[in-house]
Amino acid sequence: MENPQLIGRELVEWFRVNQRDLPWRRDYSPYGVWVSEIMLQQTQVAAVIPYYLRWMERFPDVASVAASNEEEVLLYWEGLGYYTRARNLYKAARLMVERFQGEVPTTRQQLLALPGVGPYTASAILSLAFNRDVPVVDGNVERVVARLLDLGCPIKSAEGRREVLRAATDWLVEGKARLYNQALMELGALVCTPSDPQCPSCPVVSHCRAFRLGTVEDRPVRPPRPRLEEIQTAVAVLWDRGRIYIQKRRAGGLFAGMWEFPGGKIEDGESPRQALARELWEELGVHVQIEEKIGRIRHAYTRFRVTLHAYSCRLRPSGQQVTARAAEQGRWVDPRDLGRYAFPAANRRLIRSLQEMPGSGA
DNA sequence: AATACGTGGGG
DNA sequence: TCCCCAAGTAT
């Protein structure tokens with residue numbers, strides 16, 4: 001490129017006109033930028049918007065997060081996924097209150113020391129909140145650069161990373177990192193999309209090597225995805241005296257700290273009911289009466305595709321002691337209070353179907 | 001370096 | 001239904 005900043009300037013001009021009106025683009029407060037960037041990790045804008053609005057209403061500043069607790073923070077995050085982000089947000093908020101008077105810190109080193117803040121998010125905060133001249137590299141930037149330069153190497157290889165960072169740095173318009181970085185990402189989100197890219201409306205198509213060569217759909221070069229492991233599980237909506245038993249998952253691993261219905265994996269050769277009886281004996285130390293099947297829910301997690309077989313169960317005899325052997329704690333709750341606990345999405349779907357069932361008591 | 005970590009939307 | 005994937009981080 002004769003003038004590397006030419007691309008940057010064209011992107012910035014395009015962004016000024018074509019940017020979406022998003023809630024975190026109102027004032028670029030460091031707190032708002034931080035929260036939105038954490039929510040946007042591996043998550044699409046459309047999914048984030050309602051969560052961001054609800055979050056900012058309940059937690060208007062760092063101090064309000066720090067004064068809350070992990071349980072409530074998880075509840076506000078329920079349904080967004082990657083729940084470590086929420087637990088880290090809470091930890092980082094406490095850290096900011098302790099060390100930075102409740103302000104978002106302003107140096108890369110300080111930012112990287114916050115749990116949940118890595119290279120991308122640190123750069124995003126520095127540029128969007130403080131307009132510091134640093135480039136960002138996210139999935140959008142990778143894709144846009146890989147196409148503009150027609151990068152044939154794997155995008156995650158050392159060479160791929162180096163080339164993307166070099167281009168993003170070269171094109172950066174000094175003093176306009178806030179606009180420039182968002183322009184690159186916005187272009188990736190709206191025009192230079194993974195599938196069906198809108199090349200005719202691209203402001204920099206004249207610079208695009210992949211467009212010229214007809215390789216747009218082949219860029220960037222990514223490794224194939226591993227297939228999801230298929231599993232069957234059985235879960236119990238266990239009733240006693242008008243209450244339902246739920247348990248809180250232990251720290252570490254999938255859905256740490258979230259609540260769920262008891263149950264577990266159906267092993268080879270087991271029927272769902274057999275598996276459920278076994279799991280409840282192992283997890284709760286009780287025998288229960290398994291009644292009717294109340295739901296069959298399919299759901300994909302990070303590496304599993306789960307079919308959840310749900311059964312209404314009754315503690316028999318009523319009132320006997322249940323011990324949470326596999327969970328951090330167990331609790332009998334009024335079904336009307338189920339909205340006060342953070343559940344994984346598949347469990348929440350089951351709860352919703354429960355509440356639509358007439359005479360279910362829920 | 002490779003793997004774990006969620007979810008909902010679109011084709 | 002199935003497959004793809006989206007503003008990454010931690011270990």
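Convention: sequence-line order gives letters A, B, ...; per-chain numbering from 1.
One interatomic measurement links the two molecules: CG of A:Asp138 to C1' of C:dG8, which rounds to 9 Å at whole-angstrom precision. Here the P atom of nucleotide B:dG8 and the CD1 atom of A:Ile49 are 16 Å apart, to the nearest Å. Rounded to whole angstrom, the span from the CZ atom of A:Arg348 across to the C1' atom of B:dT7 amounts to 15 Å. In this structure, A:Leu40 atom CG and B:dT7 atom C1' are separated by 14 Å, rounded to whole Å. Atom P of nucleotide C:dG8 and atom CD1 of A:Ile125 are separated by 14 Å, given to the nearest angstrom. Atom CZ in A:Arg161 sits about 11 Å away from atom C1' in C:dG8, given to the nearest Å. Note: CG (A:Leu228) to C1' (B:dT3) measures 14 Å, nearest angstrom. Summarising the geometry, the separation between CG on A:Leu111 and P on C:dG8 is reported as 17 Å, rounded to the nearest angstrom.
A sub-4.0 Å separation between OP1 or OP2 of C:dT9 and a side-chain N or O of A:Thr121 is present. When the side-chain nitrogen and oxygen atoms of A:Arg227 are compared with OP1 and OP2 of C:dC3, one or more of them lie within a distance under 4.0 Å. At B:dT7, one or more side-chain N or O atoms of A:His299 fall inside 4.0 Å of OP1 or OP2 (strictly under the cut-off). Here A:Tyr301 does not reach the OP1 or OP2 of B:dA4: none of its side-chain N or O atoms lies under 4.0 Å away. Between A:Gln42 and C:dG8, a side-chain N or O to OP1/OP2 separation shorter than 4.0 Å is present. For A:Arg349, no side-chain nitrogen or oxygen approaches OP1 or OP2 of B:dG8 to under 4.0 Å.
Because its NZ or CZ atom is not both nearer than 6.0 Å to the ring centre of A:Phe130 and within 45° of the ring axis, A:Arg132 does not count as a cation-pi partner of that residue. Stacking of A:Arg87 on the aromatic ring of A:Trp77 is not recorded, the 6.0 Å distance cut-off and the 45° axial limit not both being met.
Across the interface with DNA chain B, nearest-nucleotide mapping of A:Tyr51 and A:Thr302 shows A:Thr302 to be the residue nearer the 5′ end. Across the interface with DNA chain C, nearest-nucleotide mapping of A:Asn88 and A:Arg25 shows A:Arg25 to be the residue nearer the 5′ end. Closest-nucleotide positions on DNA chain C for A:Lys156 and A:Arg225 were compared, and the one nearer the 5' end corresponds to A:Arg225.
Counting all heavy atoms, side chain and backbone alike, A:Ala129 lies closest to A:Pro30 at CB-CA, 3.8 Å.
In terms of polar N and O atoms assigned as donor or acceptor, the side chain of A:Thr43 comes within less than 3.5 Å of the base of B:dG6 in a complementary pairing.
In this structure the side chain of A:Glu217 reaches within 4.5 angstrom of the side chain of A:Pro197, judged on heavy atoms. You'll find the side chain of A:Leu128 stays beyond 4.5 Å of the side chain of A:Trp24, heavy atoms only. Here the side chains of A:Trp239 and A:Pro335 are in contact, with some heavy-atom distance below 4.5 Å.
Proximity of the aromatic rings of A:Phe255 and A:Tyr301 is defined here by a centroid distance below 6.0 angstrom, and this criterion is met. For A:Phe59 and A:Trp55, the ring centers are positioned less than 6.0 Å apart. Aromatic ring centres of A:Trp259 and A:Phe343 lie farther apart than the 6.0 Å criterion allows.
Contact annotation for A:Gly253: backbone-only contact, meaning every heavy-atom pair under 4.0 Å involves sugar-phosphate atoms and none involves a base. Counting non-hydrogen atoms under 4.0 angstrom, A:Leu80 reaches a base of the nucleic acid. A:Val136 comes within 4.0 angstrom of nothing in the nucleic acid, heavy atoms only. Within 4.0 Å of A:Ala124, counting heavy atoms only, lies no atom of the nucleic acid at all. Nucleic acid contact class of A:Trp24 (heavy atoms, under 4.0 Å, all strands): base.
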Polar atoms only, N or O, under 3.5 Å: list the protein pairs with nucleotides 9-11 of chain B and their distances.
none

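One P atom belongs to B:dG8, the other to C:dT9, and the distance between them is 23 Å to the nearest Å.
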